[in-house]
Structures are given as C-alpha cells and as structure tokens.
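As structure tokens, the structure follows; a few thoughts come after it.
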Amino acid sequence: MSTAVSPPAPTSAPPDETSGGRPSKLGQLPSAILRALLTNRIILLLVLIIVVLVTMFTLSARNYLSAPYDVSYLSGTLISAVPLVMLGLAELLVITSGRGGIDLSVGAIVSFGSMIFGFAYGQWGWPLWAAILLAAAAGALCGAINGFLIAYIGYPALITTLATYYAFSSIAIVINNQQPISTRPIQDFFSAARSVTVVGGSSPLQVPLGTLTFLLPTAVVVWLALNRTTYGRRLYAIGTNDVAAEWTGIDVRRTRFLAYVASGLISGLVAVVTVAQFASARPDAGVAGNGMALPAITIAVLGGVAITGGIGRVAGVVLATLLIVWLNAGILLAFTGNAGSQFQLFALGIVLVFAALLNGLTQRRYGGTG
Amino acid sequence: MSSQTLASPGGSPPGAPPATAAARGRVLPFPITGQEIVLIAVIAVLWVVLAFTTPAFFTSGSVVPLLVAMAPVATIGIGMTVIIITGGIDVSVASIVMVCAVIVAKAMVDSGVSLPVAVLLSVALGAVLGLINGVLIAYGRVHAIIITFGTANLFKFLGLQIFGGSTVNGIPDTLDVFGRGDAGRTLGVPHSFLLMLVLAALAWYYLRHTPRGRHLYAIGNDADAARLAGVKVQRRILSAYVVTGALTGLAACFVIAQGTATLAPNVGAGMELAAIAAVVIGGTSIMGGRGSVLGTVLGALLVQTVTSGVTQLGWRSQLASLFIGIFILVAVGVDLLRQRTRRTA
C-alpha cells in the first residue's frame, strides 16, 4: 500500500503510485485529486460545502426555495452553529483522548449549566461575567466527575457519561421544580444572541454575536491547545497509544482527566449561549428532543475525528458544522412546514453513514485518513 | 472465558484460591455470577424497603404494572446484550421502535389486521431495519456506534414521514394481550413479561450452551483471533443486529399495547439509553466478550423498580433518573472492583 517502500518504479507500477514518475505529471492528476479527496477529510468537507452552496444558490436563483438563500441568510443561520461547533470540539477533545473516549453527558451539562447561570444571573443578581464564570465552573465540575471516574478509576467512558447524563439531567430538572428561569435580566440577555455588523460599507454583513463572543474564542483556544502546546501533543499521544505514552513519561490519567474537564467547561459555556438564544434558562435545554450529545458526536465524527482516538482536527469539526448547518438551512427553505426538519434528519443520517463508510474504505485502500 | 473468570463470586477475600478443584474442570462460568447475585440482593433490599415504607407496593396493583412496564426495555435489552457481547452497540433501537409502532398502528387502524399479522409485521420490519444496521457494520467495517447514530436519524426520518405530522388515533385493542389490563394477564402474570422471560431463557441457553453462542463471546474478546479460529465473524455480527431488530419490533408491539388508543411521534424516545443502561447494570462489559442475559433482565427490573419506587414514595419522578445514574455507576464500580481482585488473586 505505502508508496514509501516501493523501489524505483517497475514498468508495471499501478498508475496511482505517485512515486513512480513514469506517467506524465498531468496523467497523475485525477488519481492524486481522488486520493486527496478520499484521504483528507478537510478537502472532502470543503468540496461538499461548495457542492451544497452551489446547489442551493442555483435553486434559489430559479425561485425553487421559499426564501432567498443568500449570504445574509447564511450568516444568520450561524447562530445554530455556535452550540454545535463548541460541543463538537468538546467531543473532539474526549474522543481524541482514546480508550473509547466519548461524552454522552454534554447535553445534560448544558441543562445543568443553564439552570446555574439562570440562578446566578437571573435570581441572585450576579454581574454577567461572574455568572458566566460560575456556569463554566459548574460545567467543569461535572466534567471533572466524568474525568475522575474515567481516567483515575478506569470506568468505561460510554457508561460513565451515560450514567452522569441521567444524573445531571435529573438534577437540572429537580433543582428548580421543573420551572424555567426567565426573569427580567435573563430576558434582556437575549440581546447577546443578536446580530452585529462585522463588515460595513455598501453591503453590511450581519453576523450573530455568539459566533464572535463564544464560537471563535473557543475554536481558537482549542486549536492553540491542540497544536501549539505540549498538552495537545500529549493528548494525541495518549489517544494513539496510551501504553506507549505512559512509557514515555506522560501522565496519562491527568491528560485524559483534563480532556473531560475541558469538555464540561465548554458545555458550561454552551449553556450560556443557549440561555441567550431562548431568553430563558430551561431545565431541559440540552436534553430536549434528540438532545445535544448525539448531534455533537455526529459532527465530530463527520469532521474526521477517529472514534478510536488520536486523530482529529479543529478545522474538520468547524467545516463539518458549516456543512450541516448550511445544508439544513437550505433544506428548511426547500420543503414547507414540518417536512423540512424531517429531511434534516435524513440528510444528517446519510452524510454520517456515507462519511463513516468512506473512512472505512480509505483506511483499507490508503491506510488511514489524514 | 478462561477458568480465571470462575473465581468464587461476590465477597470472596482477595487471598482465596481462584478456583476450586470442582470448578477447574468447568469450561463455562457459573450460571449465576457475582454481578447477578449483587443485583438480586439490591432488588430484594429495595423491594423490602418499599414494602415497609409504602404499604401499597406489594399489592398486585403495583407489582404487575411494574412487570408489564419493564417488558419492552428488557426485550430490547436481550438483543442489546448480544450486540454488546460482540463488542458493538446499537443506539438506533428507539427509532426502530418508532418505525415499527407507527406502521403497525396504521395497519391496525386502516386495515384492521389481526393479532398474529400485527406482531409478525412488526417483528419482520424490525428485523429488516436491524439487517440494514448489521450489513453496514459487519461489511462496512465501521464502528457500530457511528453507523447506528446515522441509521437512528434515517429511521427516525422514516417514522416521522409515516406519521405525517400528526398522531395515529383510534388504535383498536388487537394487541391488548400484551397490555396492562386484564386481557394482558393469565393468573395475574402479564403475558408481555412471560414472553420476555421465555425469550430471555432461550437467549441465555443459546449464548451459554451452543457453539454459535460462544462464538459471539469470542468475537467480543478478539475478533481477529475468532476469525482465525474459524468463526464467521461478519455473519455472526450481522445476525446479532438482525435479532435485536426483530426483538425491538416485538417490543414495539408491547409499547403500543401499553399505551392509549393514540400513538404520538415521540414513541420510543429514550429507549435506547434505557436498554443500554439495563445491559450495563446487568454486568455486561461494554468492551465486549463478557455478559449475560439474566443480568440484563435483572438490570431492567432494577431500573423499573427504582422508577416506580420513586413515584410511590411521592418523590418527584425525575429523581428516578438520578438514581438510575447512580446505580449504573455503582454496578459498574462493583464489577471493576471484582475484576481487579480477580486479577490480583
């Protein structure tokens, strides 16, 4: 399979072996493109996003859609990308930490964090920054419980977070008698979900404030942590092979523990975003309907995070979210009424199964994805 | 399943010899393992406590509904146990329940199908959906959790399309044999519970005493080794998902029978997590290769006891999930501890 070991290419070398050089450079281009498309998730996602955008713009131009699918609509829909990207990054951290790492409890932590934020900001009259800090701290504490059980005691992650999913969502509902908190300050906090103008001039571009205050900082911090710190290198190392990592002197337990704490902390921040979006701190914010955990895991997997650990990139998660959000936005305009939200389920399922099968295929053909 | 796993169950001191002379000759583990004894003890304690604190608990008006209510989750749990033993998981069962329930309900309302037809339709439908899961997982060689996340969305889409944006009303009482009422019991024992027990017993025997059943454990322990030993790994995995789909179809009949004459699109919601919870409380290892159906039935019984106990004590019903969460952690913790003492013994 690998091209590195092939000696100076014999005449019978298959055309997709790039090291041969016997066929002309131009002749190799199609197979090289195919290879990049199949093995590089980022490129695949970019191509898919372009396909979705071109299709939708064309449909929009021919008036097949119930509303124009244009740039301002696209940036408006980014508000639903905020929780998705952030929770997707949370899943990226825990899944990358290896040993079957996964966090089913993120939705329950969002519910719990929403209530904590609602109490602090809506009822106790705390200043905003302190309330946000408290919600993040509450989330981090929930994450620490997960992390302690998984990293230090050795519980399987799937079970631990299933159990804490039940526990946290129950606490979130019981803590205020099933009642949401929507006092005056919380209602006014809706302004945090408004759109702001980022590009002035003749065609001002409105972008939801949440993307600037929450999404971008989280993505940048996670990217820096993964790619520019020793912690990131350690996380990839323990995800790839934690026994080898242990022997190189990495504190495997601590590294894995911190991944779950970070996941909880991000979920706590998502809680704040959710409260702003609904103008109400709801006890079922993160577990209503399908919950938030399953979409977040889906986004992470679609973004190329290997469920076995050790592989995953921030750009993949962000692009996967953009693909899903913009595809969903188009579907919503293409179908009337309830059908739109149902076809979103269909699209999500198809894209996920397709991406997963593709992963399996490329692993066999090219030996892993980049 | 080496003789190491035969270590005397429960609270044996760590220094005790790992296996007695009689046990050393055995190939199979004891019919009842430590986890199951712990579960039986916990359930017994809960029932005694509930009997003393709420006088109504031990009347048949309370225990029978409990047994009826646990039947659907336990039925799905039987299949889920088999899947988890092979090292997989199926998070699409809730969507399968939804698809089967809505199609069967519509068939009963629109064309008044008879009981056997309704059950067969549901089981066959579930098996087909399970087949889709199984083919993708066994031959696509993708991790089960990813595929079933995807098919969960697809099946849910299918179900919602059939619902068509409204509820199914006026469901006839064809399926009342499995219901809560008098039609659903013989000598006070609910039929759905009995049927579940029979299926559990069959699965228990199959997993323990047939070569193909043992192959499932082998796959969960090491799929490559199992393949080299001549196990048809892909076919066995495929069959696990088909069987689970069929059982889920049967569970959908129970769900219709237990509900009212109206079926809403939220039918089945949360059942995948409930079934997985029952399986892991029952001591089946999520890593595969170890577990039993008996434990799953006990796990489902424990979950249902907690749920109805919380209601009968007059506590808020949402507290039940907190206790279920704690029970999962305790059950898995006890299991981890037992494995650790076994390893050091």
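Chain letters run A, B, ... following the sequence lines, proteins first, then strands; residues in each count from 1.
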Inset, instruction - Considering only heavy atoms and a distance below 4.5 Å, find which of L273(B), I324(B), I147(B) pairs most often with chain A. - result: L273(B)
Legend entry - Considering all heavy atoms, the nearest Q161(B)-F343(A) contact: NE2-CE1, 3.9 Å
Inset, instruction - For residues Y166(A) and A277(B), report the shortest heavy-atom separation together with the two atoms involved. - result: CE1-CB, 4.2 Å
Pairwise distance [atom1]([X]) to [atom2]([Y]) - rounded to 0.5 angstrom:
| X | Y | atom1 | atom2 | value |
| --- | --- | --- | --- | --- |
| T164(A) | L329(B) | OG1 | CG | 7.0 Å |
| F149(B) | L352(A) | CZ | CG | 8.5 Å |
| Y139(B) | L357(A) | OH | CG | 14.5 Å |
| L336(B) | I159(A) | CG | CD1 | 9.0 Å |

Looking at [options], which makes the most heavy-atom pairs under 4.5 Å with chain B?
| options | value |
| --- | --- |
| A163(A), G100(A), A167(A), P156(A) | A163(A) |
| I173(A), T160(A), L104(A) | I173(A) |
| I102(A), V174(A), I350(A), V353(A) | V174(A) |

Non-hydrogen side-chain atoms of [X] and [Y] separated by less than 4.5 Å:
| X | Y | value |
| --- | --- | --- |
| I146(B) | I307(A) | yes |
| F346(A) | L154(B) | yes |
| V332(B) | L149(A) | no |
| L158(A) | I89(B) | yes |

Legend entry - Heavy-atom proximity to chain A below 4.5 Å, by part of A331(B): neither
Legend entry - Contacting moiety of I145(B), where chain A heavy atoms sit under 4.5 Å: side chain
Inset, instruction - Below 4.5 Å from any heavy atom of chain B, which atoms of F168(A) appear? Answer side chain, backbone, both or neither. - result: neither
Inset, instruction - Examine whether an atom of Q344(A) lies under 4.5 Å from a heavy atom of chain B, and if so say whether it belongs to the side chain, the backbone or both; otherwise answer neither. - result: neither
